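Presented below is the structure to which this report refers.
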Amino acid sequence: MTTQLSSPTANGPAPKPPGRSPRALWHLGVNAVVVAWLGLFAVVGSAHHFLPHAFWLLVHTLLLGAVTNAVVIWSGHFAASVLRLPEANRGAPAALRLVCLNAGAVAVIGGMFTGRWPVVLVGGCLVAAAVTAHAVWLVRLLRRALPGRFSMTVRYYIAAAALLPAGAALGVVMARGELGGDLPERLLLAHEMINLLGWVGLTVAGTLITLWPTMLRTRVADGAERAGRRALPVLLAGLGAAVAAALLGPPPLAAPGVVVHAAGLVVAGIPWVREARAKVPRSFAAWSVAAGSLWLAGSLLLLAGILLSTTSWITVGERTSALTVPLAAGWIAQVLLGALSCLVPVVLGGGPTAVRAATAGLERAWPARLTVTNAALLLCVLPVPSVVRVVCSVLLLVMLLHFLVLLVLTVVRGVRDRRKGTAGPTPGAGPTPGAGPTPGAGPVPAAGPAPVEAPASPHRVLGGVALGLAVVMLAVAGGGAADVRSLPILERSAATGADGGEVTPTGRTTTVEVTVRNMRFSPASVDVPAGDRLVIELHNTGTDTHDLVLETGARTDRIAPGKRATLDAGVVGRDLDGWCSVVGHRQMGMVFGVRVTGVGGTASGEGNEKSGKSGETAHDHGGTASGSEGGSAADAFDPMAEPADGFAARDAHLPPATGGSGPRVHKRTLTVKEAETEVAPGVRQTLWTFDGTAPGPVLRGRVGDTFEITLVNDGTIGHSVDFHAGALAPDEPMRTIQPGESLTYRFEATRSGVWMYHCSTMPMSLHIANGMFGAVVIDPPGLPDVDREYLLVQSEFYLGEQNGTADAGKVNAKEPDMVAFNGYANQYNHDPLTAKADERVRIWVLTAGPNVPSAFHVVGGQFDTVFREGAYDLRPGGAERGGAQVLDLAPASGGFVELTLPEAGDYPFVTHVMSDAERGAHGVLRVR
């Protein structure tokens, strides 16, 4: 049954001259804020690899920025509409609330971005104040209005607004840090449930009571308002129980609360299902909201399962991170875009013709867009290769940008048409008091008439769905083709015999089961009758991602631990070599052989000339194509070369430990990134790094401090982290995580020293050699102040091709091409460290290796203090008046020396393993 459009005025339509009504101007202005936040979200998504706290920024620009503004704006609009007080949601108080809200959001995001907690506190207070004022306004509005059929919607808004300050307070506490045990995970889950299920979820549920039938252009189902009234206490009770259990009890106790909350949504949603059965959704707005609701349902079921499956809140924190995309992008973002596509044409107004035109503009190609969005989201949350996840993320960003472009074009076109006077009659003020939703019509927002539906034909919808699926499939296929992993090119196929002649197929198939166990294929070789077709069922029971590649080019995808894959090798007539192509795995012994029986098969060594020996790396590029651009990087290394003008060395100054005298909590996110980096003049390598640099960021604290490190893998292969500064079982915190995953590593620094951290994924030597290492400095108690304090991390480079990764064969052979302090050969020759005569200088040194020791020495200087591996070897004032010339360190050990240089001049510092000093472990301390 089609809805009746509400009368523009109490007495009927009143034509007005072209122009924009105050109501329309208000809505265009405030919704421009929502669009601006969505645009910022798109910018952050495009540049997230270069931004600190990128994941946090993405979530909060969307939810705190765009969604919270939309909730305040549209809950005010709908509250005034259903209470028949259409003018109440505009004016100076409403504008002031929005200004306060956005100032607070900017302060929260800016404070987190810059690491200034007081700014976060001020921002959180402003956000809480703005939403509290909004709640107070809603209560007053409800009291002054006449009783109405849909006033229950406003009660949902009041409950939602009352919850947000509590969620904001939890967020501010977490931003402060200094939380021990599993409290961070508890607070995070409570914060997310209050804000997502409470603030956003209750607002959405209350709005859909009236907006959903409006989208469908059908009557409000009998009992919808009664169902909403019954559902609200159930929703609040479930949410309260879940939050209380998160803060006070074990995870399984929170699961019933989540289930009760989901049951409340079912109670409220039964009328929505009846309305959809009465009028099948035929618009982008309706289908986008429906798709979002399905993502919410799946997320709640998965959350309950996670809570029931473990008694550890730390494990819950790790697992629930996978729900961020389904909830934020799958549910909230889709509901927001669907609502905007329905409401913006109403805001623009201009009469039924103009509203239809605006709606058609926003719904252009909607079946394809909706299909791309949800197919890409599904692939993002499934255990797919990282390249697939990256491609799907790009598709989601493109869909958002496409919607924003359509939105801007629609608004510009509507304004232009109104100025030209080509639009239809201007809608009036909407329903007058006493009017309102009728049993035969969906409720009409107060900004004007609801859009008149122009339904797409079933053939067009199916065609759009097919197009969307094709776009996703082509994008994924294209991304997979771009994931270059070098394979040998053979002059003959496996269907030839040992003498090069053709092998007669037998018509039989030999199927073998091969298992990955502890970096080995088991069995390591299989026998196959000549002419048989070979099918290999690969089962990865290891702890890292693996694949199987045959020298013919046949291969499996890279498969995660616990997963399976099938390799069809085709008809075989000669012996074949195989291996795992993940970088370094072949060098560690992950090789496989196919041995042909029944003919004079060749020895596998015959193929080695083409497939590469175990020490070579020509075909061992895991995750990063070497991209040969000028041959070997080792050939380009010249220890005497000068860097380009303006060269600046890595800052070796060591900032002091922060905080007061008591223990504190250090929270840091380390993001694995693959970075093409210059490591010597004219020498470039693609390093695997923590936060884009090798060495990674320096962490410093005192004995008793707690470090909470979140590792995010934005690389293309599995990685991990091992902090020597903490003592704990390595099984969980040091496990390998795959691309797109994250984990939280928490340890207490109980002993002083300069400690190494590094990737512990096998082959560990190669991961360290390719840049995955850094330092944690824990001050000894009573460490005196000095005039200058520096940190030098020594490591070696095993150069592969230009712009490529480290040569695994050289790593195994312990044949470094270059040794450097702080990741760049001889950099402090070109940009020296500085001091003044008679200043006391402390130099911390860590030997990261992976293979070469250090004998740190300052030419022309003598050390009067030596601290090595947690103890003083030498301190001033001894009766023997002794000194030291070298701080000798094995790989993964460290310490510091102190000295005073009596006169101006250049004092070289080196490792006194002189061949390594000549390979780049050389610098200058310039004294003025």
Side-chain angles (χ1 to χ4, degrees), residues 49-50 386-387 390 478-489 558 581-587 612 615-639 641-644 646-650 671-696 713-719 739 759 761 763 765-773 795-812 815-820 822-827 830 850 919-920:
H49 281 287
F50 311 102
S386 60
V387 66
V390 170
D483 183 22
V484 179
R485 291 178 287 178
S486 180
L487 289 172
I489 300 175
R558 290 189 177 165
S581 74
V582 176
V583 64
H585 289 195
R586 185 179 182 183
Q587 281 68 28
E616 296 175 352
T617 59
H619 311 301
D620 194 14
H621 311 301
T624 305
S626 69
S628 178
E629 296 180 6
S632 171
D635 295 338
F637 174 51
D638 177 4
E642 295 285 335
F647 172 81
R650 175 173 171 140
T671 303
V672 175
K673 300 178 181 179
E674 294 173 358
E676 186 180 300
T677 304
E678 186 175 72
V679 296
V683 180
R684 300 189 66 82
Q685 292 283 270
T686 297
L687 303 180
W688 307 326
T689 71
F690 296 105
D691 274 8
T693 64
N713 188 354
D714 270 359
T716 57
I717 61 174
H719 293 290
C759 179
T761 298
S765 59
L766 185 59
H767 283 248
I768 296 172
N770 208 54
M772 303 201 72
F773 57 87
S795 64
E796 62 262 24
F797 286 83
Y798 303 82
L799 300 174
E801 297 175 346
Q802 279 282 42
N803 301 302
T805 53
D807 187 318
K810 293 179 182 178
V811 177
N812 283 347
E815 297 175 348
D817 299 295
M818 192 174 82
V819 183
N822 290 346
Y824 192 100
N826 296 321
Q827 62 178 317
H830 310 296
R919 290 188 178 106

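Everything numeric here is computed off the predicted structure, so don't read it as measured data.
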What's the spacing between C759 SG and N713 CG if we round to 0.5 Å?
-> 8.5 Å
To the nearest 0.5 Å, tell me how far S632 OG sits from Q802 CD.
-> 8.0 Å
Beyond-backbone contact of F637 with P681, side-chain heavy atoms, under 4.5 angstrom = no
Heavy-atom donor-acceptor pair, T677 side chain to A675 backbone, under 3.5 Å = yes
On a heavy-atom basis, the closest approach of A694 and G771 is CB-O, 3.4 Å
Would you check if the side chain of N770 reaches a backbone N or O of T686 as a donor-acceptor pair within less than 3.5 Å?
-> yes
Are D807 and L799 side-chain neighbours, meaning at least one heavy-atom pair lies under 4.5 Å?
-> no
I would like to know whether K810 and D817 meet salt bridge (charged side-chain N to carboxylate O under 4.0 Å, His left out); could you show each step before the answer?
-> CA-CA 9 Å; K810 293 179 182 178; D817 299 295; 2.9 Å; yes
Please assess I717 against R558 for the test side chain to side chain contact (heavy atoms under 4.5 Å, CB included), listing each intermediate value before the final yes or no.
-> CA-CA 9 Å; I717 61 174; R558 290 189 177 165; 3.6 Å; yes
So do the side chains of P639 and N826 get within less than 4.5 Å of each other, counting heavy atoms only?
-> yes
Give the C-alpha distance, both sets of side-chain angles, the deciding distance and a yes or no for side chain to side chain contact (heavy atoms under 4.5 Å, CB included) between V811 and I768.
-> CA-CA 10 Å; V811 177; I768 296 172; over 6 Å; no
Have T716 and E674 got a donor and an acceptor in their side chains that come within less than 3.5 Å?
-> yes
Rounding to 0.5 Å, atoms CH2 (W688) and CZ (F773) come to a distance of 13.5 Å
Note: G823 and F797 closest approach over all heavy atoms is O-CZ, 3.6 Å
Considering non-hydrogen atoms only, spot the tightest contact between A825 and A680 and give its length.
-> CB-CB, 4.1 Å
Would you find a donor on one side and an acceptor on the other, under 3.5 Å apart, between the side chain of E642 and the backbone of H830?
-> no
Has the side chain of Q827 got a donor or acceptor atom that lies under 3.5 Å from a matching backbone atom of R650?
-> yes
Quick one: closest heavy-atom pair of V679 and M818, and the distance?
-> O-CE, 3.4 Å
Where the side chain of N822 meets the backbone of P695, is there a donor-acceptor pair that is under 3.5 Å apart?
-> no
Side chains of H585 and P763 in contact at under 4.5 Å (non-hydrogen atoms) | yes
Please list all pairs passing the salt bridge (charged side-chain N to carboxylate O under 4.0 Å, His left out) test where one or both residues lie in residues 679-695, with sequence neighbours left out.
-> R668-D691, E676-R684
Work out which heavy atom in G715 is nearest to a heavy atom in P739; give both atom names and the distance.
-> O-CB, 3.3 Å
So, does T689 use its side chain to make a donor-acceptor pair with the main chain of K673 at under 3.5 Å?
-> yes
Between Y798 and E815, a side-chain donor and acceptor under 3.5 Å = no
Check whether any side-chain N or O of E678 sits under 3.5 Å from a backbone N or O of G682 as a donor-acceptor pair, and report yes or no.
-> yes
Please test F690 against T671 for side chain to side chain contact (heavy atoms under 4.5 Å, CB included), starting from the C-alpha separation and ending with a verdict.
-> CA-CA 6 Å; F690 296 105; T671 303; over 6 Å; no
Contact check, side chains of V672 and M772, non-hydrogen atoms, under 4.5 Å = yes
